[in-house]
*Asks:* 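Would you mind keeping the following structure in view while I ask a few things?
We name chains A, B, ... by the order of the sequence lines, and we start the count at 1 in each one. Just so you know, these numbers come straight off a predicted model, no measurement behind them.
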2 protein chains.
Amino acid sequence: MARQQRGNSPRRATIRDIARMCGVSVQTVSRVINRRPDVSPETRAAVEAAIAQVGFQPSAVARSLVHQRSSTIGVIVAGLAYFGVSQTLNGITERSEASGYALLVKELANFETTDIVPVIEFLTAHRVDGIIFAAPELETNVRSVQAQLPAASPPIVFLKSEPSPNYTTIGIDNYAGGRQATEHLLALGRRRIGHVSGPLEWREARDRRDGWWDAIRTSGAAAGPRFEGNWSSASGRAAFEQMLTVQPDLDAIFVGNDQMALGVLHVANARGIRIPDDLAVVGFDGMAEAADFTPSLTTVNQPLRALGILAVEDLLAHLDDPDPRPARNRMLETELIVRESAPAPSARPSPAKLPPSPAVVRAPRP
Amino acid sequence: MARQQRGNSPRRATIRDIARMCGVSVQTVSRVINRRPDVSPETRAAVEAAIAQVGFQPSAVARSLVHQRSSTIGVIVAGLAYFGVSQTLNGITERSEASGYALLVKELANFETTDIVPVIEFLTAHRVDGIIFAAPELETNVRSVQAQLPAASPPIVFLKSEPSPNYTTIGIDNYAGGRQATEHLLALGRRRIGHVSGPLEWREARDRRDGWWDAIRTSGAAAGPRFEGNWSSASGRAAFEQMLTVQPDLDAIFVGNDQMALGVLHVANARGIRIPDDLAVVGFDGMAEAADFTPSLTTVNQPLRALGILAVEDLLAHLDDPDPRPARNRMLETELIVRESAPAPSARPSPAKLPPSPAVVRAPRP
DNA sequence: TTGAAAGCGCTAACAT
DNA sequence: ATGTTAGCGCTTTCAA
């Protein structure tokens, strides 16, 4: 094992060292490094030999300084521990990697962080070529971020579902997803449909709740109970237990994410509540494990990786755009995955055909 | 909404612009930026006003060039979609953020990637101050990485469990964890203990299997069947189904991770196999959701976040170290979390006291 | 307290 | 095919 791990002590070779070693100018070395054609084969060989010999690596820092480009995308995240966030980051890394871009990742200390200026400034100071704001959309944070954007920032894509005329956004249609889930339950003939939501500071949580609520209202069914969790399975368990005390005759429940749904299933199994006969359950996220819950979970799949991939692609496509481009807004669709916890309506005849879902109607929400 | 999202078009203000605006030298501006004391209050005020006016941000790139430091840590990951990897990254971001370090993240295209040279070179070219190699440890990759380390690389910490005299490593004791799990099952009086392993190219998978195997051998019990999964719950389901055809009278099973354990529980529940009465199950990872599996899962908890945190701390503590430091090797302990799927021995009297676990004995493995 | 000069490592633009 | 000059934006001497 020849080489030791080492600090920066032995001064790193520079382009000038190589030039001296070969008796050529730095320019020639630069040409070799950048695979320019206008170098004689012999010179090229000599330079390459020298480079290999001393293990020279051109400084990307110096290059960035000259080019005013870093081949780096800044990513702002929060809550990497959450399924959605980490899946999205996964898509971002995958796609940026494929185009030779590195990621400069900054994680917000907490979700409520409204002072994002230092974070953005850190990234722009590092001259990232673009920024992806992938922190969950809270009541306050995104709007304030936008208001605070420094004058000269690179292109930025917000991963949020509220479109804006001034900023590029890519989001997932959580509202439609919530409706989709609830309409599925209605189609099953269920009429007492509860909801366990995520924390309502999260826009995702509010949108899903709104979808649930509007679907119920539209159907003419009575409002069901709603309790709030914090996305964890433990909180789903707690919320469901509370809900049972309030309304024991629930016949369906739409849960804001798959993990909380796991908690619901746990309680139901423990209490002998039969799923889906006594209680139909639909989750949200589409995590792979949901297929192996007991029983397997019907859920609304989110294209989270795609979200990350599209964000990078949008950025790459518009890196060179002149100033005040029209903002691009894009919304991705969810998809219902039907499993045992809320089977297809054909499996159990639905008592009445539901009217087709009319135009969106928003109403006061529980 | 005042400011528009914009490209790089309006040339970014530099320190020189500020200097001209204030009629001072660049040096003075630099002093203000760096909060040096030797600037008159009036000058400082004027400079700060100008900076605020044009939204000037000093270029971190230029600074890095001068300082030969980037306040950036390079992270090499693979399989961000996996629970362990993402949890560890979570710890890394948290800790580095706290110290003002940014993360330059590169994801390997796939696990088998043995040619990591370009990745390392990318990071060193960007003059990261340190590198954390957080890709899962495969049969081949880590060793080859170490052999290929470029001459002048910054300090590197390998997140792997095989200690090395030449490189700093931090790992989790998967072998002990596997033993721990299996000994728990033995203490429950189980004697026909199967194992669903992860892909055996992964060192984590091999170590856990070895722990299982050695615990069984040590106890004098007969070897149980072993099947290999790919960490997913679906693969756990498939592996367990195969296992049942081979050995239907299994009374316990140690599963290489919690997700595959979920698959096992799914099959058991579907077939009416009672857990833990007919079959005791122990998983590995300690993911929070395991508490809400049906039944709740006994599992071996891994300190994954701690792993990330310690990696960063090690790096930060040794950034300025001169050359060939003695390598530091560290191993973190796992912890058994006892739940319903394999309850504490007191719950059901164990037939015989097991001898205390003797020194490690490795034997040919299934 | 302030400024001038040199240089970090590289590339673009113009020589030759 | 190769070299020279200038400069990217900043900080570090060293002077004044």
Side-chain angles (χ1 to χ4, degrees), chain A residues 8 10-48 50-51 54-72 121-122 124-129 152, chain B residues 8 10-48 50-51 54-72 121-122 124-129 152:
Chain A
N8 332 22
R11 193 180 64 66
R12 209 180 277 283
T14 75
I15 199 174
R16 193 142 49 207
D17 298 326
I18 305 295
R20 265 196 285 269
M21 285 173 68
C22 305
V24 299
S25 74
V26 285
Q27 194 40 238
T28 300
V29 178
S30 173
R31 287 184 179 112
V32 172
I33 293 170
N34 294 291
R35 310 190 173 289
R36 298 278 177 63
D38 51 352
V39 181
S40 80
E42 307 80 45
T43 312
R44 182 183 303 276
V47 170
E48 282 172 343
I51 288 176
V54 302
F56 165 75
Q57 293 173 0
S59 159
V61 174
R63 276 182 168 156
S64 297
L65 187 60
V66 173
H67 286 143
Q68 305 283 51
R69 284 238 152 161
S70 59
S71 292
T72 293
E121 284 185 344
F122 178 94
T124 60
H126 277 264
R127 299 302 185 261
V128 294
D129 298 337
Chain B
N8 333 23
R11 194 181 63 66
R12 205 181 279 284
T14 74
I15 198 174
R16 192 141 47 204
D17 298 325
I18 306 294
R20 264 195 287 266
M21 286 172 67
C22 305
V24 300
S25 73
V26 283
Q27 194 35 238
T28 301
V29 178
S30 173
R31 287 186 178 110
V32 171
I33 294 171
N34 295 291
R35 313 189 172 289
R36 297 279 178 62
D38 50 355
V39 182
S40 78
E42 308 81 43
T43 313
R44 181 183 303 276
V47 170
E48 282 171 345
I51 288 177
V54 302
F56 165 74
Q57 294 172 2
S59 159
V61 175
R63 277 184 167 155
S64 296
L65 187 59
V66 174
H67 286 142
Q68 305 283 50
R69 283 239 154 162
S70 59
S71 294
T72 293
E121 285 185 345
F122 178 93
T124 59
H126 277 263
R127 301 299 185 260
V128 296
D129 298 337

*Asks:* Nearest to the side chain of Q27(B), which nucleotide is it out of dG3(D), dC10(D), dA4(C)?
*Replies:* dA4(C)

*Asks:* Do the side-chain N or O atoms of T14(A) get closer than 4.0 angstrom to the phosphate oxygens (OP1, OP2) of dG9(C)?
*Replies:*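 It does not, given that no N or O in the side chain of T14(A) lies less than 4.0 Å from OP1 or OP2 of dG9(C).
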
*Asks:* Given side chains that start at C-beta, do those of S64(A) and R127(A) come closer than 4.5 Å, heavy atoms only?
*Replies:* no

*Asks:* Within this structure, what is the OG-NE2 distance for the pair S59(B) and H126(A), rounded to the nearest 0.5 Å?
*Replies:*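 With rounding to 0.5 Å, OG (S59(B)) is 9.0 Å from NE2 (H126(A)).
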
*Asks:* Remember a base hit wins even if backbone is also touched, and classify V61(A) as base, sugar-phosphate or nothing at under 4.0 Å, heavy atoms.
*Replies:*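 Nothing, no nucleic acid heavy atom in range.
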
*Asks:* Which of the following nucleotides, dG9(D), dT2(C), dT2(D), is nearest to the side chain of T28(B)?
*Replies:*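 Nearest to the side-chain atoms of T28(B), counting from C-beta on, is dT2(C).
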
*Asks:* What is the separation between atom CD on Q68(B) and atom C1' on dC10(D), rounded to the nearest whole Å?
*Replies:* 13 Å

*Asks:* Heavy atoms from C-beta onward define the side chain here; which of dT2(C), dG9(C), dC10(D) lies closest to that of R63(B)?
*Replies:* dC10(D)

*Asks:* Of the nucleotides dT11(D), dT1(C), dT2(D), which has the atom closest to the T43(B) side chain?
*Replies:* dT1(C)

*Asks:* Looking at dG9(D), I'd like to know if its phosphate oxygens (OP1 or OP2) sit under 4.0 Å from a side-chain N or O belonging to Q57(B).
*Replies:*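 No, outside the criterion.
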
*Asks:* Find the distance R12(B):CZ to dC8(D):P and express it as a whole number of Å.
*Replies:* 15 Å

*Asks:* How many Å lie between CG on D38(B) and P on dC14(D), as a whole number?
*Replies:*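 The distance from CG of D38(B) to P of dC14(D) comes to 16 Å, rounded to the nearest Å.
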
*Asks:* Tell me the interatomic distance from N34(A), atom CG, to dT2(D), atom P, rounded to whole angstroms.
*Replies:* 16 Å

*Asks:* Has S30(A) got a side-chain atom pairing as donor or acceptor with V26(A)'s backbone, closer than 3.5 angstrom?
*Replies:*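 A pair under 3.5 Å: no.
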
*Asks:* From the options dT2(D), dG3(C), dT11(C), select the nucleotide whose nearest atom is closest to the side chain of S40(A).
*Replies:*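 Out of dT2(D), dG3(C), dT11(C), the nucleotide with an atom closest to S40(A)'s side chain is dT2(D).
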
*Asks:* Using a cut-off of strictly less than 4.0 Å, decide whether S64(A) has a side-chain nitrogen or oxygen near OP1 or OP2 of dC8(D).
*Replies:* no

*Asks:* Look at the side chain of S59(A) and decide which nucleotide, out of dG3(D), dA1(D), dG9(C), has an atom nearest to it.
*Replies:* dG9(C)

*Asks:* Could you tell me how far apart R35(B) (CZ) and dT11(D) (C1') are, to the nearest whole angstrom?
*Replies:*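 The answer, rounded to whole Å, is 17 Å.
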
*Asks:* Rounding to an integer number of Å, can you tell me how far H126(A) NE2 sits from dG9(D) C1'?
*Replies:*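 Between C1' of dG9(D) and NE2 of H126(A): 14 Å.
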
*Asks:* Please give, in whole Å, the distance from dT2(C) P to R44(B) CZ?
*Replies:*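 Spelled out: CZ on R44(B) to P on dT2(C) is 9 Å.
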
*Asks:* Is there a side-chain contact between Q68(B) and R12(A) in this structure, where contact means two heavy atoms from C-beta onward sitting under 4.5 Å apart?
*Replies:*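 The answer is no; the side chains never approach within 4.5 Å.
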
*Asks:* Please pick, from dT11(C), dT11(D), dA12(C), the nucleotide with the shortest atom-to-atom distance to any side-chain atom of R36(A).
*Replies:*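 Within the option list, the nearest is dA12(C).
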
*Asks:* Can you identify which nucleotide, out of dC10(D), dT11(D), dT2(D), has its nearest atom closest to the S30(B) side chain?
*Replies:* dT11(D)

*Asks:* If you assign R127(B) and V26(B) each to the DNA chain C nucleotide with the nearest heavy atom, which residue ends up on the more 5' nucleotide?
*Replies:*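 By nearest-heavy-atom nucleotide position, the 5'-most residue is V26(B).
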
*Asks:* Would you tell me if any nitrogen or oxygen in the side chain of R16(B) comes within less than 4.0 Å of OP1 or OP2 on dT11(D)?
*Replies:*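 Negative; the distance criterion is not met.
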
*Asks:* Would you kindly check whether a donor in the side chain of R31(B) faces an acceptor in the base of dG3(C), or vice versa, at under 3.5 angstrom?
*Replies:*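 Pair found.
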
*Asks:* Should H67(A) and V61(B) count as side-chain neighbours, where that means a heavy-atom distance under 4.5 Å?
*Replies:* no

*Asks:* Which value, rounded to the nearest 0.5 Å, describes the distance between T28(B) atom OG1 and I18(B) atom CD1?
*Replies:*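 It comes to 13.0 Å.
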
*Asks:* Whole angstrom is fine here: how far is it from CD1 in I15(A) over to C1' in dC8(C)?
*Replies:*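 Atom-to-atom, I15(A) to dC8(C), this comes out as 13 Å.
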
*Asks:* Which nucleotide wins on minimum distance to the side chain of L65(B), given the candidates dC8(C), dT11(D), dC8(D)?
*Replies:*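 Looking only at heavy atoms from C-beta outward on L65(B), the closest nucleotide is dC8(C).
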
*Asks:* Tell me which of V66(B) and S25(B) sits closer to the 5' end of DNA chain C, going by the nucleotide each one is nearest to.
*Replies:* S25(B)

